[in-house]
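Following: one structure in structure tokens, then a few remarks.
Ligands are counted one by one from 1 in listed order, and the atoms in each one are counted from 1 as well.
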Amino acid sequence: MRVRAYRFRAYCSKTTARVLKTQLEVACKLYNTLLHAKEEEYEENKRTMSRNELRQLALDLRKQNKEFQVLYSQVAQQVADRFYEARQRFFDGLANKPREKKPHRYLSLVYSQKGWKLSNWREVGQGKNKKKKARLYLSKIGFFTLVIHREFPLERVSQVCVKLYPSGRIYVIFLVEEPEAEEQQSEKPKNAVGVDLGITRLATLSDGRYLENPRPLERSLERIRLLQRRLSRKKFLSNNWIKAKRRLAKQYEHVKNLRRDLFFKLGVLLSQKYDVLVLEDLNVQGLIQKGVTKTRRMRLYDSSFSELRAVLKWEFRKREKLVLPVPAYNTSRECFLCGRINKGLTLEDRVFLCPHCGFTLDRDLNASLVLLKRTGWVPPAVPEELRPIPPLPSLGLKRRQGVAMIQEAPAFRRGSSHG
Ligand SMILES: [Zn+2]
């Protein structure tokens, strides 16, 4: 089973928002209480508590302590689950040891099957802006108005999560379990596209098209810096600090939304046209750490390659199309035509010029074609004149001609064929 999330913006009255905030604080306290209880148990008896024990403990705490009674019982149990899962990730070596949570970082509550109800469905807006609105009741919290901008299978919802974003906006997320769609390859895929991700051009497609990197973070950096400076002058956790923090978070959310919007648009575009997506398997974290200069590191971060890859993969898998990750090693230095490595290629070189066969091509386009070639087939998406052919002997003169050619014709051409 695969879990799919549907996220909707939620609006509520000030009172309800305040109730939600109080409950988040209480849930945070409960989480920390469980953490301490577990530590004490371990000190005394050298054993760890099971999921059910933690759940029971959460319920007992709720019974004994009036403060915790503001939480819906299943929400309290879910706090226990959250702690259990955090601890499990620590045991599996995937995360650090769960620590005490800070109230301003504990931002969501989860309802399972019970405790929530959708009602009062209605259509609003006209034409393109047509969407549905509905009223969501969350037990012990209150009513929210949801903007349901897309269809979702209400009868298969397994969890409802209400989340307060650092910017102060509230979203409600419905988790729906879906049967896993199997990647079918019964008939031979018709066309494939290789996508090379980069900083200057966010994505270069093997069909010769590319997408500029809009660098959303870089564009709003000035404002982010200003807001960050203001935040740093406020007293930690004071009212003014919270306000400044929220303004900063809003700006960051804006950047994030711009990015996601672009990624999804690209994903839809590609997955509608192509049957197979070929991507390089990158270690992005390593790339960022290795980034030579501060600007380069930031641009790598701003490009969010992991997120872009995840979105592209998701869009293809959703349409039951194939995604092929290819080892990234040397993709940008390998010659598409002769397969040999251009050792002299630096980060600044925008044009790939093969010292062995004289092949000249835009650097990123060459990389995306190499990706495609590594999957083992010559797909029709590659322009006819660029299909792999036996390498030609290289001569100094021809190489220089190659450079001249890319200037007169910015499109791709095989350098030595015109020698
Ligand atoms: Zn070559």
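The SG atom of Cys357 and the SG atom of Cys338 subtend an angle of 110° at the Zn ion (ligand 1), given to the nearest 10 degrees. Annotation: angle subtended at the Zn ion (ligand 1) by Cys335 SG and Cys354 SG is 110°, to 10°.
Residues forming a salt bridge (Lys or Arg N to Asp or Glu O under 4.0 Å) with Arg4 (at least two apart in sequence, or on another chain): Glu178.
Using a 4.0 Å cut-off between charged side-chain N and carboxylate O, Lys321 and Glu315 make no salt bridge.
At a cut-off of 2.8 Å, His356 does not coordinate the Zn ion (ligand 1) through any N, O or S atom.
You'll find the ring centres of Phe152 and Phe8 inside the 6.0 Å limit.
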Residues 91-99, side-chain donor-acceptor partners within the protein, below 3.5 Å, at least two apart:
none

